[in-house]
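Working notes for the structure below.
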Amino acid sequence: MANTHFHHLPLTHFSPFHTSPSSLHKFPLPPKNTFKFPTLSSSSSSSSGMNDQGNERPGFKDFPHVSGPIRDLMIDLISTVEIRLESQLLPCTLPQDVQYFENQSDTAHTSLFLRSGVSSSPIDFIFGSWLHCELPTGASLNITSLSSYMNASTDTPQLLIELIQSSPTSIVILVDLPPRRDLVLHPDYLKTFYEDTNLDKQRQALFKIPEVQPYVSPSLYIRSVFSPTASVIRIDTTTTGGEERLEEILRGTVSEATKEVLRVWLDFCVLGDRKCIDEDDRVSLKKRDSLFKQKSIEIDIGASLPRMFGQETADRILGVLLGN
């Protein structure tokens, strides 16, 4: 079931999708390494196991490499989604060697998580990931994300939450409900999901923080998918309190704003009663969703995984996810 979705899946979480994978090029990534899957039997469980070095294999929900505030926020977000949508989601069916993998030199680690929606759900699938990559500078790149894609039974927005950190005192954050309608042609869509829900208050709250600056993706395509209320920001506390100040911001306004965006998505986009009934609408929406996801794959597989694991690795991962 999960594999049937992966040919549309944007592996955004190996790079700052929507903030642009090309932004990874700012970080000096390690040399390409020969990729290896841990020798583990397939399982639908996302519990920890052992890797090839005999060490315990971290699970997706462990978030072993990020700071406490990020770990707590991600666990809270995922728990909220799974509790409120439990009846709408199938178990994660990814094999263990796709749920977690690493490179040969043990400098890059990734964990993936996918739960497809049941047939009656408006959710196509929920996807989460974390990536840890040690950089030649001695710093580390950590990316954590949670996203959801809706199916054509509804036209409600998607969910996208991503945190990209390469320094203890700075972070790039994206929180958005990307629209699936043209907001000029469908002003009611803008009103329903972005105005009436007061989503922009969360963006405004974040920009009241002195250390927050806009983050602008160099990709015009990536910028085109944002909603008007998207929070795409960079926080830098290097000169205003350092790591302690950044953790304070993450536990405070960032956590509150992100949880509120998730609540809006759950209440209005998933558990609301909006349907996409017109067949022409359904066909058009399917086409748009397919193009959007396909483009995302091209961007992320083409720009991110090869830089961390090599082209052979990128091809192999996609092949495994497709069931090849």
Side-chain angles (χ1 to χ4, degrees), residues 12-13 15-20 23 27 60-82 84 126-132 139-148 157-178 194 197-217 222-223 226-267 269:
T12 70
H13 319 279
S15 64
F17 176 76
H18 302 148
T19 60
S20 177
S23 62
F27 305 115
F60 167 67
K61 299 175 187 177
D62 292 336
F63 298 103
H65 302 288
V66 297
S67 66
I70 295 177
R71 182 185 303 111
D72 292 346
L73 174 59
M74 294 303 298
I75 290 174
D76 196 345
L77 295 173
I78 294 162
S79 297
T80 299
V81 168
E82 291 195 308
R84 295 198 60 187
I126 301 280
F127 185 71
S129 72
W130 57 257
L131 176 139
H132 171 75
S140 296
L141 172 66
N142 288 293
I143 303 173
T144 55
S145 60
L146 177 66
S147 61
S148 178
Q158 324 278 22
L159 170 72
L160 183 60
I161 297 169
E162 194 156 25
L163 298 91
I164 306 105
Q165 186 169 23
S166 62
S167 160
T169 58
S170 66
I171 190 169
V172 171
I173 298 175
L174 169 65
V175 181
D176 192 26
L177 303 185
Y194 302 103
T197 57
N198 293 314
L199 271 181
D200 203 48
K201 285 187 176 181
Q202 310 313 315
R203 185 191 62 81
Q204 292 172 15
L206 290 169
F207 275 99
K208 288 179 181 178
I209 301 171
E211 295 89 345
V212 167
Q213 295 293 327
Y215 181 85
V216 181
S217 167
I222 295 303
R223 281 186 253 169
F226 291 138
S227 79
T229 61
S231 295
V232 185
I233 63 173
R234 182 174 185 269
I235 307 174
D236 191 337
T237 60
T238 304
T239 61
T240 60
E243 188 173 351
E244 183 176 346
R245 171 58 178 157
L246 180 58
E247 292 195 357
E248 176 188 351
I249 294 171
L250 290 172
R251 288 196 185 278
T253 307
V254 168
S255 179
E256 294 167 5
T258 304
K259 290 176 184 179
E260 177 60 17
V261 172
L262 177 64
R263 183 196 67 78
V264 168
W265 180 74
L266 288 168
D267 289 348
C269 301

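Just so it is clear, the structure is predicted and the values come from calculations on it, not from any experiment.
Contact record, P178 with Y194: C-OH, 3.7 Å, taken as the closest heavy-atom pair. Looking at every heavy atom in both residues, S231 comes nearest to L206 through OG-CD1, 3.5 Å. Across all their heavy atoms, S129 and F60 have their closest contact at N-CE1, 3.2 Å. Residues I164 and I171 come closest through the heavy atom pair O-CG1, 3.3 Å. When every heavy atom of L246 is checked against every heavy atom of P168, the shortest pair comes out as CD2-O, 3.3 Å.
With sequence neighbours excluded, the residues satisfying salt bridge (Lys or Arg N to Asp or Glu O under 4.0 Å) with E248 are R245. When the side-chain hydrogen bond (donor to acceptor under 3.5 Å, both in side chains) test is applied to S227, the partners found at least two apart in sequence or on another chain are D176, T229. The salt bridge (Lys or Arg N to Asp or Glu O under 4.0 Å) check on E247 picks up nothing, with sequence neighbours excluded. Partners of R84 under the salt bridge (Lys or Arg N to Asp or Glu O under 4.0 Å) rule, at least two apart in sequence or in another chain, are D267. Residues forming a side-chain contact (heavy atoms from CB on, under 4.5 Å) with S255 (at least two apart in sequence, or on another chain): L73, K259.
Within the structure, the side-chain hydrogen bond (donor to acceptor under 3.5 Å, both in side chains) test picks out the following pairs touching residues 63-75 (sequence neighbours left out): D72-R251.
Listed for the D236 side chain is a donor-acceptor partner under 3.5 Å among the backbone atoms of T238.
The CD atom of Q213 lies 10.5 Å from the CD1 atom of I235; values are rounded to the nearest 0.5 Å. Rounded to the nearest 0.5 angstrom, L77 CG and I161 CD1 are separated by 5.0 Å. Distance CD1/I173 to CZ/R234: 11.5 Å, rounded to 0.5 Å. Once rounded to the nearest 0.5 Å, the distance linking CE of M74 with OG of S145 reads 6.0 Å. Residue E211 holds its CD atom at 4.0 Å from CD1 of I249, rounded to the nearest 0.5 Å. In this structure, the separation between CG on L159 and CD1 on I126 is 7.0 Å, given to the nearest 0.5 Å.
The closest side-chain heavy-atom distance from Y215 to L174 is not below 4.5 Å. You'll find the side chain of V264 stays beyond 4.5 Å of the side chain of Q202, heavy atoms only. A heavy-atom distance below 4.5 Å is found between the side chains of T144 and F63. Side-chain atoms of T258 and V261, non-hydrogen and from C-beta on, never get closer than 4.5 Å to each other.
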Under the side chain to side chain donor-acceptor pair (under 3.5 Å) rule, what do N142 and S140 come out as? Steps first, then yes or no, please.
CA-CA 6 Å; N142 288 293; S140 296; 5.1 Å; no

Please step through side chain to side chain contact (heavy atoms under 4.5 Å, CB included) for the pair E82 and I78, ending with a clear verdict.
CA-CA 6 Å; E82 291 195 308; I78 294 162; 4.0 Å; yes

V232 and F226: CA distance, side-chain angles, deciding distance, side chain to side chain contact (heavy atoms under 4.5 Å, CB included) verdict
CA-CA 9 Å; V232 185; F226 291 138; 3.7 Å; yes

